[in-house]
Each structure stands twice: as C-alpha cells, then as structure tokens.
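Data block below; observations after.
All values below were derived from every heavy atom in this structure, side-chain atoms included, with hydrogens, water molecules and symmetry-related copies excluded. Just so you know, ligand 1 is whichever comes first in the structure, and atom 1 is the first atom listed for that ligand.
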Amino acid sequence: MDSIVQRSGRGQAAGPIAVYGATGHTGRLVAAELAARGKDMVLAGRSIEALRALAGELDAPARVQVADLDDSESLRAVTENADVVINCAGPFSRSGEAVASAALSTGCHYLDHAAEPLYVKHLFDALQGKARENGAVVIPGMSFYGALADLLADLVTAGMSQVDTVTVAYAVSGWRMTAASKKTALQLNGTDRVLYTDGVYKTGPGGGAPESFTFPPPVGTRSVLVDYPAGEIVTIPRHVGARSVRALMTTDTFTEDGVFSSENLDAAARAQSAFTIVVQATSTTGTRAAFLRGEDIYHAGAITSVEAAARLAGNQSASLGVLSAAEAFSADRFLHALQQRGLFTISLSNNGSV
Ligand SMILES: NC(=O)c1ccc[n+]([C@@H]2O[C@H](COP(=O)([O-])OP(=O)(O)OC[C@H]3O[C@@H](n4cnc5c(N)ncnc54)[C@H](OP(=O)(O)O)[C@@H]3O)[C@@H](O)[C@H]2O)c1
C-alpha cells in the first residue's frame with residue numbers, strides 16, 4: 001500500500017487543510033497539530049467569534065470561515081480550495097454527511113472522528129460511488145476509536161488464513177467526556193448496534209451480560225461490556241476475512257466519577273486518560289494478538305486524523321472512495337509513524353497471549 005493515487009478533482013498545487021468544528025476540544029488539538037507541522041489551514045465552524053479567538057491563539061497563521069451544516073454552499077466554500085477537510089463537529093450523525101457531501105462535490109478528501117457505527121455504515125453505503133467518481137477519499141472514524149483498532153486488526157491478521165473471530169477490547173480509564181462526546185454517548189445508548197456475525201452485518205440491540213477479558217498487565221482481567229458500539233465493526237470486515245468481529249469495553253470506564261459530568265473541564269485535566277487497545281484474532285491454526293498502550297485518547301485521536309490528512313494531501317492513499325484507515329494506508333507504516341510520534345507503544349504476540 002501507500003502507493004500514489006492522483007485525485008482527479010485537483011491539480012498539483014497544494015491547498016490548505018480545513019478543520020470543521022475547529023473550536024471544540026478535538027478541533028483545537030487538530031489545529032494545534034497542523035500549526036506545529038507548519039500546514040496551511042482554514043478553521044471553520046458556526047461561530048466567527050470563537051474561530052477568530054482560536055486563530056489568535058495558534059502559533060501559525062490560519063484563515064477562518066463560517067459555515068452552517070444546513071447551508072451546503074457555505075460548506076462548499078470551506079472545502080472548494082482545501083485538499084482535505086477534517087470534520088470535528090460531533091455527533092457525526094448530524095454533521096457528517098453534510099460536510100462529506102460538500103467535500104466530495106468540490107473534490108476534497110474528507111476525514112472525521114466518528115465513533116457512531118450506524119453513521120459509519122451509512123457513509124459507506126451512501127457515498128461510495130460519489131467518492132470514487134470525484135476522485136476523493138472519505139474515511140469516517142479516522143481517530144482514536146475507529147482507526148487505531150482497524151489498523152491494528154490489519155497488522156495482527158496479516159498472513160493469517162481462515163480468521164474466525166477478531167476481538168477488539170478497550171481498557172480506558174480517566175475518560176472525561178467533552179460536551180459532544182457526551183451527547184454522542186447518550187445517543188448511542190439505546191440505539192441499535194451494528195453487529196458482524198457469521199460473515200453478515202446485522203443491526204440490532206446487541207449487548208448482554210458483561211464478560212471478563214484479560215488485558216496485558218498491569219490492567220489484568222476486567223469486566224467488559226460486550227457489543228460496544230464501535231465503527232471498526234463496520235470497517236474491519238472490509239479488509240479482514242473474519243467470520244465475526246466484536247468489540248468490548250471495560251465496564252468501569254463509565255462508572256468512574258466525572259466521566260459524564262466533565263464538559264467544562266480544562267484541556268490539561270482532560271488529557272489524563274490512559275488506554276490499552278487489544279486486538280486478538282483466532283483462526284483454525286492459532287491465535288494472534290497485539291496491543292497499543294498510551295495516554296490521552298483525545299490527543300491520540302487528533303494526531304491520528306492529522307497524520308491521515310497529511311498523507312491524503314500528499315496523495316498517499318492506496319485507493320479512492322469511502323475507505324477504512326487500513327484500506328487507505330499501510331497499517332504497519334501508519335501505526336509505527338504514530339508510535340514514533342509518542343502516541344503509544346505497540347506490542348505484537350504470535351501466540352495470542354497479551
Ligand atoms: N472516535 C474518536 O476516538 C473520537 C475522538 C475525539 C472526539 N470524537 C468525537 O468528535 C466529536 C467532537 O468532540 P469534541 O471533543 O471536539 O467535542 P466538543 O469539545 O464538545 O466540540 C464539539 C464541536 O462541534 C461543533 N458542533 C457541534 N454541533 C454543531 C453544529 N450543529 N453545527 C456546527 N458545529 C457544531 C461545536 O461547535 P461550537 O463550538 O460552536 O459549539 C464544537 O466545535 C464528538 O462527537 C466526539 O465523540 C471521537
């Protein structure tokens with residue numbers, strides 16, 4: 001992978017990277033990373049005052065542009081000269097299709113931070129033809145939840161035949177949700193899950209009694225929620241020939257003090273989360289596993305999206321269309337680039353034990 005694909009929608013001149021929803025917590029982290037990389041950028045969102053204030057705080061020049069989700073012309077004005085738009089305005093069930101459609105109609109690549117499986121599935125179903133016709137790449141969930149497990153699943157299953165089950169297990173502590181994360185979580189609670197069982201996507205309530213899962217030390221054996229709503233349930237089967245894909249999440253992630261009452265926390269306090277993501281794959285010939293361990297899930301998500309945007313702006317996607325992270329980029333190279341950046345450490349195990 002990582003071959004050069006030339007988009008049909010733009011010439012060779014490099015355009016800016018646009019950030020929609022730039023004034024939220026994730027948008028600010030994305031903008032700061034773009035500034036640190038010296039990227040030309042456009043900050044977009046619904047409040048000109050907030051956008052101007054953010055631009056004034058950055059260590060690099062940035063243009064600002066107001067755009068409303070219900071005004072497609074204003075969104076097109078954001079994307080028409082940009083190489084890539086990173087949508088940070090969640091929930092994405094509200095913003096995603098509008099921003100992605102504007103991007104496609106102007107030949108601009110689109111990334112977002114969605115962790116909403118029904119929305120992720122919808123984007124694949126609704127925009128695939130249009131993305132290919134317009135020579136653009138669309139990657140929903142190019143963030144902490146979504147992309148990292150998708151890439152890790154590709155790494156773990158490389159060379160494995162007849163994969164039976166891929167299990168993604170998250171141990172997250174210290175997650176203090178932003179306003180949009182909380183809104184998204186509350187919307188997901190009670191919404192149908194996307195399930196992938198016996199080679200077929202299904203939509204249904206999912207869930208059931210918590211199970212236990214053994215994470216690498218020091219996390220250890222923990223109670224986990226089953227059928228955790230995760231976009232990678234949609235994306236992993238696109239490139240891993242597994243019979244089933246499931247996602248688990250530590251139960252006590254959601255019972256910690258403050259997880260749902262931290263909308264107004266400052267950025268430094270919100271950075272105190274820690275994570276382990278395990279991906280385990282079983283087949284008739286054995287089990288393989290890998291895990292990522294790091295801190296600050298919002299920072300990890302923001303840098304992941306900027307890394308992808310930089311690669312798309314440099315035409316470094318394996319193909320065009322609505323893609324998962326691992327369909328667009330070499331999992332090995334992408335994850336190792338993030339490891340070098342200090343986002344996490346990666347450990348691989350050929351016998352499945354972590
Ligand atoms: N997949 C992952 O791992 C991952 C990681 C990080 C974040 N996320 C998701 O990304 C989203 C943003 O998170 P956040 O931490 O940045 O939340 P946040 O701090 O609450 O910021 C939300 C941003 O979205 C904008 N927004 C919300 N509704 C909008 C609307 N109707 N029109 C225009 N703009 C709108 C807000 O604009 P105003 O400032 O004008 O209110 C703000 O800029 C959430 O859905 C979260 O779940 C996912």
Out of all atoms in ligand 1, which are within 4.0 Å of some heavy atom of [X]? Include the element for each.
X: Ala179; value: 20 (O)
X: Phe92; value: 9 (C), 10 (O), 11 (C), 45 (O)
X: Gly90; value: 11 (C), 12 (C), 24 (O), 27 (C), 28 (N), 44 (C), 45 (O)
X: Ser143; value: 1 (N), 2 (C), 3 (O), 4 (C), 5 (C)
X: Ala89; value: 24 (O), 25 (C), 26 (N), 34 (N), 35 (C)
X: Gly21; value: 43 (O)
X: Cys88; value: 11 (C), 12 (C), 23 (C), 24 (O)

If we set the cut-off at 4.0 Å for heavy atoms, which region of [X] has an atom near ligand 1: side chain, backbone, both, or neither?
X: Ser95; value: neither
X: Thr184; value: side chain
X: Arg46; value: side chain

Look at [atom] and say which protein heavy atom is nearest, naming residue and atom and giving the distance to 0.1 Å.
atom: atom 21 (O) of ligand 1; value: Gly24 CA, 3.2 Å
atom: atom 32 (N) of ligand 1; value: Leu69 CD1, 3.4 Å
atom: atom 6 (C) of ligand 1; value: Thr26 OG1, 3.4 Å
atom: atom 46 (C) of ligand 1; value: Ser181 OG, 3.4 Å
atom: atom 19 (O) of ligand 1; value: His25 N, 2.8 Å
atom: atom 15 (O) of ligand 1; value: Thr178 OG1, 2.9 Å
atom: atom 48 (C) of ligand 1; value: His113 O, 2.9 Å
atom: atom 20 (O) of ligand 1; value: Ala180 N, 2.9 Å

Atom pair CD/OG1 of Glu116 and Thr191 - distance to nearest 0.5 Å: 9.0 Å

Among side-chain atoms of [X] and [Y], is any donor-acceptor pair under 3.5 angstrom?
X: Tyr298; Y: Trp175; answer: yes
X: Asn87; Y: Ser95; answer: yes
X: Thr287; Y: Thr282; answer: no
X: Arg270; Y: Thr178; answer: no
X: Asp150; Y: Thr235; answer: yes
X: Thr214; Y: Thr221; answer: yes

Lys202 to Tyr196, cation-pi by 6.0 Å centre distance and 45° axis angle: no

Lys/Arg N to Asp/Glu carboxylate O, Arg246 vs Glu211, below 4.0 Å: yes

Residues Glu133 and Lys130 bridged, charged N to O under 4.0 Å: no

side-chain hydrogen bond (donor to acceptor under 3.5 Å, both in side chains) partners of Ser223, counting only residues at least two apart: Thr251

Option among Arg37, Arg341, Lys39 that satisfies the salt bridge (charged side-chain N to carboxylate O under 4.0 Å, His left out) test with Glu307: Arg37

Any N/O pair Ala22/ligand 1 closer than 3.5 Å: no

Gly301 to ligand 1, any heavy atom closer than 4.0 Å: no

Shortest heavy-atom approach to atom 3 (O) of ligand 1 - which of Tyr20, Tyr145, Tyr298, Phe275: Tyr145

N/O donor-acceptor pairs under 3.5 Å from side chains in residues 183-190, not counting sequence neighbours:
residue, atom, partner, partner atom, Å
Thr184, OG1, Ala180, O, 2.7
Gln187, OE1, Ser93, OG, 3.4

